[in-house]
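To start, the structure under review is shown below, and the notes come after it.
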Amino acid sequence: MSNFILIGVCFLAGFLLRKSGVLPKGSHQGINVWIIYVALPAATLKYLPGIKWSNDLLIPLVTPLICWFGAWILSELLAKPFHFEKKTKAAFLIVTGLGNTSFIGFPLISAYYGENNLSIAAVTDQMTFFILAVFASVVAMKASGKAKADFKTISLKLLKFPPFLVIIIALVLPHFVSFESVTPLASTLAATLSPLALFSVGLQFELGKMKDVLKPVLAASVYKLILSPLIILGLAFAFQTGEMQTKIAVFEASMGTMISAGILNDQFGLNPRLSNLIVFMTILLSFITSGIWYLVLEVLV
């Protein structure tokens with residue numbers, strides 16, 4: 001119960017403080033820098049070194065790839081009937097294909113399944129950030145024409161991306177040195193991830209008029225919150241994935257859109273209005289649909 005109270009308090013605090021004008025516009029950007037450069041790498045150092053690979057982790061690992069591929073198919077199918085021009089089509093793919101596996105996923109998984117299962121969620125989350133840094137960046141660069149999408153550019157982007165560098169450290173170094181001395185510090189810093197992420201979401205939360213973009217917003221919401229977790233659940237059953245691995249993979253697939261996906265679209269001028277509406281609508285609805293998925297998984301898995 002305390003985890004659910006934390007979710008509500010942090011989200012509402014951000015929303016109300018923005019509405020009150022206490023915090024200046026753009027305050028969330030500083031918080032997001034802390035999350036991406038400090039809290040997420042700390043969470044990686046805390047959870048990844050202790051993961052023992054098994055075949056059951058395959059579904060959590062490939063979940064973001066499957067969701068991205070499904071979003072690509074959806075964007076191709078909807079391009080003509082929804083009259084997507086090049087930038088809008090790219091924006092739709094990016095925000096529909098990337099799930100909020102950490103900012104929202106981690107707090108909700110802690111609330112429903114306990115913090116000890118975040119190690120499974122960390123596998124899914126790191127793959128999500130890899131797709132953001134590589135696939136989504138390539139799509140954004142090509143659609144905007146603002147930057148080259150060559151191998152060198154993407155490689156440098158990855159090498160400058162702290163969560164990616166820490167993934168390498170967390171997977172390689174534990175085979176040679178003990179991480180016991182680092183774990184307490186990593187745990188303390190990682191503890192800031194959930195409350196600050198939810199606070200940041202609250203600071204940015206704002207729904208504008210949606211009449212002219214209602215169809216793509218609804219399509220993205222149905223895919224993100226219903227279809228993609230259904231696909232993952234079917235695959236988990238087909239491959240007979242372990243109970244908790246299945247639950248975490250499906251739960252992560254059912255999360256709303258990754259906030260960083262909306263930020264990426266903003267940076268490259270890819271229909272920011274549509275992107276932000278999809279981000280906020282799917283996040284808002286995911287607080288409800290995640291509870292429904294929890295009940296479904298308790299019955300089926």
Side-chain angles (χ1 to χ4, degrees), residues 40-72 96-136 163-164 166-172 174 190 193-194 197 223-258 260-261 282 286 289-290 292-301:
L40 274 174
T44 301
L45 287 176
K46 178 180 179 180
Y47 297 116
L48 277 190
I51 292 176
K52 294 182 179 179
W53 177 259
S54 69
N55 290 337
D56 283 336
L57 287 176
L58 180 62
I59 293 298
L61 179 66
V62 302
T63 287
L65 285 170
I66 295 167
C67 293
W68 175 266
F69 182 69
W72 174 76
T96 307
L98 292 167
N100 208 313
T101 52
S102 54
F103 281 31
I104 303 298
F106 279 16
L108 287 178
I109 286 171
S110 295
Y112 283 106
Y113 297 111
E115 187 178 344
N116 57 310
N117 286 305
L118 287 180
S119 59
I120 302 172
V123 173
T124 304
D125 184 59
Q126 301 310 317
M127 179 58 77
T128 301
F129 269 95
F130 178 80
I131 294 172
L132 171 71
V134 180
F135 298 164
F164 178 78
V166 175
I167 292 173
I168 305 302
I169 294 171
L171 291 176
V172 175
L193 173 60
S194 294
Y223 174 76
K224 287 291 305 125
L225 306 176
I226 300 174
L227 294 181
S228 58
L230 270 176
I231 293 169
I232 300 302
L233 181 60
L235 287 172
F237 280 151
F239 286 93
Q240 298 183 336
T241 304
E243 177 183 340
M244 192 51 66
Q245 288 83 357
T246 296
K247 289 180 177 179
I248 299 302
V250 173
F251 213 74
E252 286 282 54
S254 72
M255 291 297 103
T257 297
M258 187 186 215
S260 300
T282 55
S286 70
T289 56
S290 61
I292 297 173
W293 273 110
Y294 172 78
L295 295 175
V296 170
L297 290 171
E298 288 300 295
V299 173
L300 296 180
V301 181

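Numbering starts at 1 and runs along the sequence shown.
Each of Thr241, Leu118, Ile120 was compared with Ile248 under the side-chain contact (heavy atoms from CB on, under 4.5 Å) criterion, and only Ile120 meets it.
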Steps toward side chain to side chain donor-acceptor pair (under 3.5 Å) verdict (Thr257, Thr282) = CA-CA 6 Å; Thr257 297; Thr282 55; 3.2 Å; yes

Quick one: do Leu98 and Thr128 satisfy side-chain contact (heavy atoms from CB on, under 4.5 Å)? Show the steps, please.
-> CA-CA 7 Å; Leu98 292 167; Thr128 301; 4.2 Å; yes

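Annotation for Ala71 and Gly97: closest pair CB-CA, 3.4 Å, computed over non-hydrogen atoms. Contact between Phe251 and Leu108 at its shortest, heavy atoms only, is CE2-CB, 3.8 Å. A pairwise comparison of heavy atoms in Trp293 and Ser254 identifies CD1-CB, 3.6 Å as the closest pair. The two residues Ser102 and Pro107 have their closest heavy-atom pair at O-CD, 3.3 Å.
Atom CG in Leu225 sits 8.5 Å away from atom CE in Met255 (nearest 0.5 Å). To the nearest 0.5 Å, the span separating CE on Met258 from CG on Asn100 amounts to 7.0 Å. Between Leu297 atom CG and Met244 atom CE the span is 10.0 Å, to the nearest 0.5 Å. Separation of atoms CD1 (Ile109) and CG (Asn116) is listed at 11.0 Å; rounding is to 0.5 Å.
Side-chain atoms of Asn117 come within 3.5 Å of backbone N or O of Tyr113 as a donor-acceptor pair.
The existence of a salt bridge linking Lys247 and Glu252 is excluded, since no basic side-chain nitrogen approaches an acidic carboxylate oxygen closer than 4.0 Å.
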Side-chain polar contacts of residues 60-67 - donor-acceptor pairs under 3.5 angstrom, sequence neighbours left out - could you list them?
{"unit_1": "Thr63", "atom_1": "OG1", "unit_2": "Ile59", "atom_2": "O", "d": "2.7"}

Sequence neighbours left out, cut at 3.5 Å: what donor-acceptor pairs do the side chains of residues 228-239 make with other protein atoms?
{"unit_1": "Ser228", "atom_1": "OG", "unit_2": "Tyr223", "atom_2": "O", "d": "3.0"}
{"unit_1": "Ser228", "atom_1": "OG", "unit_2": "Lys224", "atom_2": "O", "d": "3.0"}
{"unit_1": "Ser228", "atom_1": "OG", "unit_2": "Ala253", "atom_2": "O", "d": "3.1"}

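Ring planes of Phe135 and Trp68: tilted class, angle from 30 to 60°.
Residue Glu298 qualifies as enclosed at atom CD: its count of foreign heavy atoms under 6.0 Å is above 12.
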